[in-house]
Colleague: 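This is the structure, below, for whatever I ask next.
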Amino acid sequence: MLVISGHHFFFGLEDTEWSHRDECLRISYTTDPDVLQRGLKILGEEINSLYQVTVP
């Protein structure tokens, strides 16, 4: 699984003050389903730990 900062995909807006440009992620899901599932699980755990969300 590949996760890339979204700011690389806002061509021509480098000098623009637009916070959305720095708040996005690009996620490639063209991989083996098991690898994708593991990667999404890890990403979800990291996000939950940042926001201190408890999931049963």
Side-chain angles (χ1 to χ4, degrees):
M1 187 171 128
L2 184 61
V3 178
I4 304 169
S5 173
H7 79 276
H8 296 291
F9 299 92
F10 288 88
F11 303 105
L13 297 176
E14 294 84 7
D15 298 328
T16 304
E17 293 295 324
W18 189 34
S19 62
H20 179 71
R21 173 181 66 160
D22 299 315
E23 298 168 346
C24 296
L25 292 176
R26 296 277 302 233
I27 301 174
S28 173
Y29 54 88
T30 55
T31 187
D32 178 76
D34 292 333
V35 172
L36 179 60
Q37 185 175 17
R38 182 171 180 266
L40 288 173
K41 182 177 186 298
I42 292 168
L43 182 59
E45 290 169 354
E46 291 300 317
I47 291 169
N48 286 338
S49 71
L50 286 172
Y51 292 98
Q52 299 178 357
V53 175
T54 304
V55 179

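Computed from heavy atoms alone, side chains included, the values below leave out hydrogens, waters and symmetry copies.
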Colleague: Please name all residues satisfying side chain to side chain donor-acceptor pair (under 3.5 Å) with Glu45, sequence neighbours left out, ordered by chain then number.
Modeller: Lys41
Colleague: Going from CZ on Arg38 to CG on Asp32, what distance comes out if it is rounded to the nearest 0.5 angstrom?
Modeller: 12.0 Å
Colleague: Cluster question for you: counting only ILVMFWY and a side-chain heavy-atom cut-off of under 4.5 Å, with indirect links fine, are Leu50 and Ile42 together?
Modeller: no
